[in-house]
Visitor: 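Please read through the structure below; I'll follow up with questions.
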Amino acid sequence: MISLPNDAQMPFISADNLILCSLPVNGIPKLHFYDGEGWQRLATSLSEEAAEFAPYAEFKHGIHRVSFIGGDPAVPNGLALYRILSESQLPLHSSDIMNISAVVRAKCGFVSEFLTVYADGGNPVYIHESKRFRTILEFPDAVEYTQITGSPGNPGEIILCGLDASQQSFTRKFSLAGNRAFEMSSPNGFPMDKDAVFQEISPERYSRCEAPKCRFMEDTGRKAFVNIPCRGNAIICRRDGHLTHTHNCNSNTCRNFESKEKTNQETDAVAAH
């Protein structure tokens, strides 16, 4: 049995018994993994000033997929959900990394082979399933999510930790396949361990619905980029002459946003000449 260091944060044990957590390096949390003998730094290519926490990992088809939250939590929009792909072994040096990418700005979330789940602190929780449209999950009583991860070996069971309106902490599990939610608790004080007790949550206490679609999808039947919905839809839609991209796009969330009012004004100006 491996005992975690006292200063370990947000540990995760994968289905193949890979253990990851954040350990402080010069006071900043950095990702580490246990190699059977001790804790090794996981190379991420992020700067030494960037925090790294909330890891999730799986090993499939000879590829390690590790996701985590990284960046500066003190800066507005300073955190993002990152994904690392690495062949055969976990990276100890930047040159070992096959691929690292920032998936989306988020304060919590994870990425698996066919699933991307994230939130920007509070509701909603965005869920991207491979070959399906984006869906939104909301618990109205949740005011902040502190961690979102997947069950080891079954990322379709989403684990959500956070605070409710009375500032009480909670841990919940949401099953994508069954569309059911559960409160999790444990007599050992660790809700995600093997002794966890599950109590089903009434469907009236949460909602899951399909997110607004891109006009490009509606008109052509083809999907926009899954992991960057706003920016991806904008690029594709503008390429095909659309000036409104998604129903929930606005000037703050989409760099290519153009309102219908602006478009109509420009059209009227051209017609006047």
Side-chain angles (χ1 to χ4, degrees), residues 4 8-23 29-34 42 44 51-60 64-71 73 79-85 90 102-130 135-139 142 144-164 169-178 180-186 188-198 201 206 208 227:
L4 289 169
Q9 300 178 24
M10 297 185 177
F12 180 83
I13 303 176
S14 69
D16 57 339
N17 293 318
L18 172 65
I19 305 174
L20 300 103
C21 69
S22 291
L23 295 173
K30 291 290 184 179
L31 291 189
H32 288 70
F33 68 94
Y34 190 77
L42 180 69
T44 65
E52 304 165 358
F53 53 92
Y56 175 87
E58 63 182 14
F59 184 72
K60 289 184 177 180
H64 283 287
R65 288 178 176 83
V66 179
S67 68
F68 65 96
I69 301 296
L79 294 176
L81 173 61
Y82 287 86
R83 181 203 63 185
I84 295 176
L85 299 180
L90 289 171
V103 177
V104 68
R105 282 188 179 141
K107 293 181 179 178
C108 48
F110 72 98
V111 179
S112 69
E113 184 178 13
F114 299 117
L115 194 65
T116 299
V117 183
Y118 63 92
D120 194 24
N123 285 310
V125 177
Y126 294 100
I127 304 170
H128 299 271
E129 299 174 72
S130 180
T135 58
I136 289 176
L137 174 66
E138 290 189 278
F139 288 89
E144 181 183 6
Y145 296 104
T146 55
Q147 185 178 8
I148 298 176
T149 188
S151 295
N154 185 8
E157 291 186 346
I158 301 169
I159 309 299
L160 307 103
C161 303
L163 299 172
D164 62 19
S169 61
F170 64 79
T171 301
R172 294 168 181 169
K173 180 177 77 170
F174 182 79
S175 170
L176 284 177
R180 300 166 69 191
F182 303 85
E183 294 280 4
M184 300 174 63
S185 60
S186 169
N188 301 321
F190 300 98
M192 285 185 277
D193 69 14
K194 63 180 181 180
D195 297 321
V197 177
F198 300 90
I201 299 174
Y206 61 91
R208 177 190 176 191
N227 286 337

Visitor: Can you say whether the rings of Phe174 and Phe139 are parallel (under 30°), tilted (30 to 60°) or perpendicular (over 60°)?
Guide: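 Ring orientation of Phe174 relative to Phe139: perpendicular.
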Visitor: Quick one: are Leu81 and Ile69 in side-chain contact, heavy atoms under 4.5 Å?
Guide: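 The answer is yes, as the side chains (C-beta and beyond) meet within the 4.5 Å cut-off.
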Visitor: Just verifying a value: how many Å separate Leu176 CG and Glu157 CD, rounded to the nearest 0.5 Å?
Guide: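 Reported to 0.5 Å precision, the distance equals 9.0 Å.
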Visitor: For the OH atom of Tyr56 and the CD atom of Gln147, what is their distance to the nearest 0.5 Å?
Guide: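 Here the interatomic distance stands at 12.5 Å.
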Visitor: Minimum heavy-atom separation for Ile13 and Asn17, please, with both atom names.
Guide: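 Heavy atoms only, the tightest pair is CG2-CA, 4.1 Å.
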Visitor: Is a side-chain donor or acceptor of Glu58 paired with a backbone partner of Glu113 at a separation under 3.5 angstrom?
Guide: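 Such a contact is found between Glu58 side chain and Glu113 backbone.
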Visitor: Heavy atoms only: give me the nearest Ala142-Asn123 pair and the separation to one decimal.
Guide: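 Result for this residue pair: O-ND2, 3.2 Å.
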Visitor: Just to verify, which of Arg172, Met184, Glu183 counts as forming a side-chain contact (heavy atoms from CB on, under 4.5 Å) with Phe198?
Guide: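 When side-chain contact (heavy atoms from CB on, under 4.5 Å) is applied between Phe198 and each of Arg172, Met184, Glu183, only Met184 qualifies.
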Visitor: Show every salt bridge (charged side-chain N to carboxylate O under 4.0 Å, His left out) that has at least one partner inside residues 145-156, sequence neighbours left out.
Guide: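 Qualifying pairs: none.
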Visitor: Could you walk me through whether Ile127 and Ile158 satisfy the side-chain contact (heavy atoms from CB on, under 4.5 Å) test, starting with their C-alpha distance in whole Å, then the side-chain angles of each, then the deciding distance to 0.1 Å, before giving a yes or no?
Guide: CA-CA 10 Å; Ile127 304 170; Ile158 301 169; 3.9 Å; yes
Visitor: Search all heavy atoms of Leu20 against all heavy atoms of Ala57 and return the closest pair with its distance.
Guide: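 What the structure gives for the nearest pair is CD1-CB, 3.6 Å.
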Visitor: Using side-chain heavy atoms (C-beta onward) and a distance below 4.5 Å, is Thr44 in contact with Lys30?
Guide: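 Contact flag for Thr44/Lys30 side chains = no.
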Visitor: Hey, could you give me the CD1/CG distance between Ile19 and Leu4, rounded to the nearest 0.5 Å?
Guide: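 Reported value, rounded in 0.5 Å steps: 7.0 Å.
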Visitor: Please name the pair of heavy atoms, one in Pro73 and one in Ala51, separated by the smallest distance, quoted to 0.1 Å.
Guide: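 That closest heavy-atom pairing would be CD-CB, 4.3 Å.
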Visitor: How far apart are the closest heavy atoms of Ile201 and Tyr206, and which atoms are they?
Guide: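 Looks like O-CE2, 3.6 Å.
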Visitor: Only one of Tyr145, Tyr118, Phe110 clears ring-ring contact (aromatic ring centres under 6.0 Å, His included) with Tyr126; which?
Guide: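 So, applying the ring-ring contact (aromatic ring centres under 6.0 Å, His included) to Tyr126 and each of Tyr145, Tyr118, Phe110, only Tyr118 qualifies.
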Visitor: How many angstroms lie between atom CG of Leu31 and atom CE of Met10, to the nearest 0.5 angstrom?
Guide: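 That separation rounds to 11.5 Å.
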Visitor: Just by modelled atom types, is the Cys161 backbone N or O under 3.5 Å from a matching donor or acceptor in the Thr146 side chain?
Guide: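 Looks like yes, one N/O pair under 3.5 Å.
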Visitor: With a 4.5 Å cut-off on side-chain heavy atoms, are Pro152 and Phe12 touching?
Guide: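 Side-chain contact under 4.5 Å: yes.
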Visitor: In Å and rounded to the nearest 0.5 Å, what is the CG to CZ distance from Asp120 to Arg105?
Guide: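 Atom-to-atom, Asp120:CG and Arg105:CZ are 9.5 Å apart.
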Visitor: Has Ser22 got a side-chain atom pairing as donor or acceptor with Glu52's backbone, closer than 3.5 angstrom?
Guide: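 Checking the backbone N and O of Glu52 against the side chain of Ser22, a donor-acceptor pair under 3.5 Å is found.
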Visitor: So which atom in Ser151 and which in Ile159 form the shortest heavy-atom distance, rounded to 0.1 Å?
Guide: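 For Ser151 versus Ile159, the nearest heavy atoms are OG-CD1, 3.7 Å.
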Visitor: Mind checking the OG-CZ spacing from Ser14 to Arg65? Nearest 0.5 Å is all I need.
Guide: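 Between Ser14 OG and Arg65 CZ, I get 13.0 Å after rounding to 0.5 Å.
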